[in-house]
Number of protein chains: 2
Amino acid sequence: MPRPRGFDADAALDAIKATFWTYGYEGTSIQRLEDATGLKKQSLYRLYGDKRGMYLAALKAYDEHENAAAIDTLTAEGSARDRLKRLFTSLIDDADPRGCLMCNAGTDQAALDDGSGAAVRAMLSRLRQAFEAALGALDDYRQDDRLRAGKAAALVASYIGLRVLIKAGEPADRLHALVADIMKSL
Amino acid sequence: MPRPRGFDADAALDAIKATFWTYGYEGTSIQRLEDATGLKKQSLYRLYGDKRGMYLAALKAYDEHENAAAIDTLTAEGSARDRLKRLFTSLIDDADPRGCLMCNAGTDQAALDDGSGAAVRAMLSRLRQAFEAALGALDDYRQDDRLRAGKAAALVASYIGLRVLIKAGEPADRLHALVADIMKSL
DNA sequence: TTAATTACGGACTATTCGGTAACAAATATG
DNA sequence: CATATTTGTTACCGAATAGTCCGTAATTAA
């Protein structure tokens with residue numbers, strides 16, 4: 001019955017995600033989303049209800065794509081140490097000036113909006129569990145659950161801190177020294 | 001010659017800082033700053049020129065008060081390990097839901113505004129040097145400059161990550177386990 | 001073919017945005 | 001006292017804000 005939509009909803013969501021990623025929640029106007037997606041605001045409101053819905057959809061897409069890619073790196077082939085090092089190093093090498101949308105949402109919206117806060121915590125939890133799983137392949141951590149949980153949480157903190165430092169424009173050599181320290185502390 | 005001002009400019013700046021701290025740059029309207037300070041916008045514009053000037057003044061005040069307090073903790077009495085542990089633990093115990101204004105500015109504005117980016121980098125640099133100085137009291141790090149620099153950068157990343165996790169509402173026991181891992185890795 | 005349903009685009013709303021102009025009150029210096 | 005200067009206050013500006021309404025086009029099921 002319905003008239004088919006004349007645009008690619010997935011591509012639109014990608015554009016929405018990229019816009020919130022760059023400008024943050026408050027820094028993103030509906031006009032900006034219209035420009036980024038090429039859609040009229042009416043189509044955006046029909047798809048997502050309101051601006052908050054657009055943001056939550058962007059967070060979900062980020063979790064399913066960018067966050068999932070990071071987790072994939074942690075569960076890929078090679079030794080656990082190599083996978084961890086590859087994850088952290090790749091963040092520096094292809095430095096994204098927008099930072100990490102999950103981290104941005106954590107500082108930006110998590111404390112002001114329950115929905116965003118819950119979404120951020122869910123993403124953080126997924127990432128932490130991936131770190132825990134990778135640590136499970138290392139002798140020192142396989143046996144001791146508490147040790148592994150603490151290290152996994154610390155790796156999440158380092159991950160967030162690294163991405164914020166990248167966004168803040170810290171020089172790459174300092175960041176590589178930082179990663180070297182993380183690897184040494186495993 | 002001039003008529004004396006009828007308000008406390010320092011108190012006004014504190015209120016401005018608190019408002020940006022809670023709501024971020026874009027989330028803070030001039031109206032909100034008027035309400036927080038009790039001043040009319042004309043007085044605000046006379047003091048700071050424009051909204052960006054108000055934000056940069058808030059960052060400076062944060063550096064001079066909150067950031068300086070953290071650095072003081074790192075240079076207080078007691079062993080270096082105790083000082084480091086006290087700093088991280090205190091962040092968890094008196095969890096500030098607004099997070100860290102330096103960290104917030106880093107994800108919020110550093111990539112979009114040169115002035116904010118430079119201010120954030122300067123604050124990060126001060127904090128990193130304080131970590132380096134504290135590490136200088138530990139035998140393992142006193143000798144090796146590269147080792148110390150890497151660890152100091154890693155501690156900054158952990159500091160940022162911890163504050164973001166606190167703001168995101170992570171449970172305190174997990175955060176204490178995180179700090180235990182940091183201390184173990186020294 | 002008709003009816004139901006959805007997509008679309010433009011116009012419109014009321015409010016808020018950051019920022020400015022104008023002016024009277026207050027004060028210290030000449 | 002007079003004058004220069006800064007204060008606080010009100011009013012105002014055009015632009016942008018999030019969100020809605022409504023008429024029209026397109027499509028499929030009956």
Side-chain angles (χ1 to χ4, degrees), chain A residues 1-60 104-105 108-109 112-116 119, chain B residues 1-60 104-105 108-109 112-116 119:
Chain A
M1 258 139 144
R3 166 179 171 181
R5 64 168 54 113
F7 59 88
D8 181 342
D10 288 340
L13 182 52
D14 268 358
I16 291 171
K17 177 180 67 181
T19 306
F20 280 122
W21 198 348
T22 300
Y23 298 105
Y25 180 77
E26 297 286 358
T28 297
S29 64
I30 304 296
Q31 178 62 49
R32 242 180 188 149
L33 294 175
E34 290 188 78
D35 294 345
T37 58
L39 301 182
K40 302 292 182 177
K41 56 168 56 174
Q42 207 51 258
S43 301
L44 294 172
Y45 277 103
R46 200 171 331 102
L47 282 173
Y48 301 109
D50 57 8
K51 186 182 176 183
R52 187 63 62 180
M54 301 173 207
Y55 189 67
L56 293 176
L59 290 184
K60 185 158 177 284
N104 298 354
D108 204 39
Q109 291 297 312
L112 298 174
D113 172 61
D114 284 345
S116 302
Chain B
M1 259 139 143
R3 163 181 175 181
R5 64 169 52 116
F7 60 89
D8 181 343
D10 288 340
L13 182 53
D14 269 358
I16 292 171
K17 179 180 67 182
T19 307
F20 280 123
W21 197 348
T22 301
Y23 298 105
Y25 180 77
E26 298 285 358
T28 297
S29 65
I30 304 296
Q31 179 62 49
R32 245 180 185 149
L33 293 175
E34 291 188 76
D35 294 344
T37 59
L39 301 182
K40 303 289 182 179
K41 57 165 59 171
Q42 207 49 257
S43 302
L44 293 172
Y45 277 102
R46 231 197 311 274
L47 282 173
Y48 301 108
D50 57 8
K51 185 183 177 183
R52 186 65 62 179
M54 303 174 205
Y55 189 68
L56 293 176
L59 290 183
K60 185 158 177 285
N104 297 354
D108 206 19
Q109 291 297 310
L112 298 174
D113 173 60
D114 285 345
S116 302

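So that the names make sense, note that chain A is the first sequence line, chain B the second, and so on, each numbered from 1.
As a whole-Å value, the separation of I30(B) CD1 from dT17(D) C1' is 15 Å. Distance R32(B) CZ to dC17(C) P: 8 Å, rounded to the nearest Å. dT17(D) atom P lies 10 Å from atom CG of L33(A), rounded to whole Å. Between the CD atom of Q31(B) and the P atom of dT9(D) there is a distance of 14 Å, rounded to whole Å. One can place OH of Y23(A) at 17 Å from C1' of dT17(D), the figure rounded to the nearest angstrom. The NZ-C1' distance, from K40(A) to dT20(D), rounds to 16 Å in whole Å. Rounded to whole Å, the distance from CG on L39(A) to C1' on dA18(D) is 17 Å.
I30(B) places a side-chain heavy atom less than 4.5 Å from the side chain of M54(B). Using a 4.5 Å heavy-atom threshold, the side chains of D10(A) and L13(A) count as separate. Residues F7(B) and L47(B) are in side-chain contact: their nearest non-hydrogen atoms beyond the backbone lie under 4.5 Å apart.
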Practice task
Determine, stepwise, if the pair L59(B) / L56(B) fulfils side-chain contact (heavy atoms from CB on, under 4.5 Å).
Solution key: CA-CA 5 Å; L59(B) 290 183; L56(B) 293 176; 4.3 Å; yes

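For D14(A), the salt bridge (charged side-chain N to carboxylate O under 4.0 Å, His left out) criterion is met by K17(A), not counting sequence neighbours. Every residue was checked against the salt bridge (charged side-chain N to carboxylate O under 4.0 Å, His left out) condition with K40(A), not counting sequence neighbours, and none meets it.
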Contacts under 3.5 Å, N or O only, protein and nucleotides 12-16 of chain C:
none

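The stretch residues 44-56 of chain B comes close to DNA chain C through Y45(B), D50(B), K51(B), each having a heavy atom under 4.0 Å from the strand. Near DNA chain D, meaning a heavy atom under 4.0 Å from it, residues 11-22 of chain A has no residue at all.
For CG of D8(B), the number of neighbouring non-hydrogen atoms (other residues, nucleotides, ligands) closer than 6.0 Å is greater than 12.
For the atom pair CG of D108(A) and CZ of F20(A), the computed distance is 10.0 Å after rounding to the nearest 0.5 Å. We find the CG-NZ distance between L33(B) and K41(B) to be 11.0 Å, quoted to the nearest 0.5 Å. Y45(B) OH to L39(B) CG: the interatomic distance, rounded to the nearest 0.5 Å, is 13.5 Å.
Residue pairs meeting the side-chain hydrogen bond (donor to acceptor under 3.5 Å, both in side chains) criterion with at least one member in residues 22-34 of chain A, sequence neighbours excluded, are Q31(A)-D35(A).
The base of dT7(D) has none of its N or O atoms less than 3.5 Å from a complementary donor or acceptor on the side chain of Q42(B).
Taking only side-chain atoms of F7(A), from C-beta outward, the nucleotide of dT9(D), dC17(C), dC8(C) with the closest atom is dC8(C).
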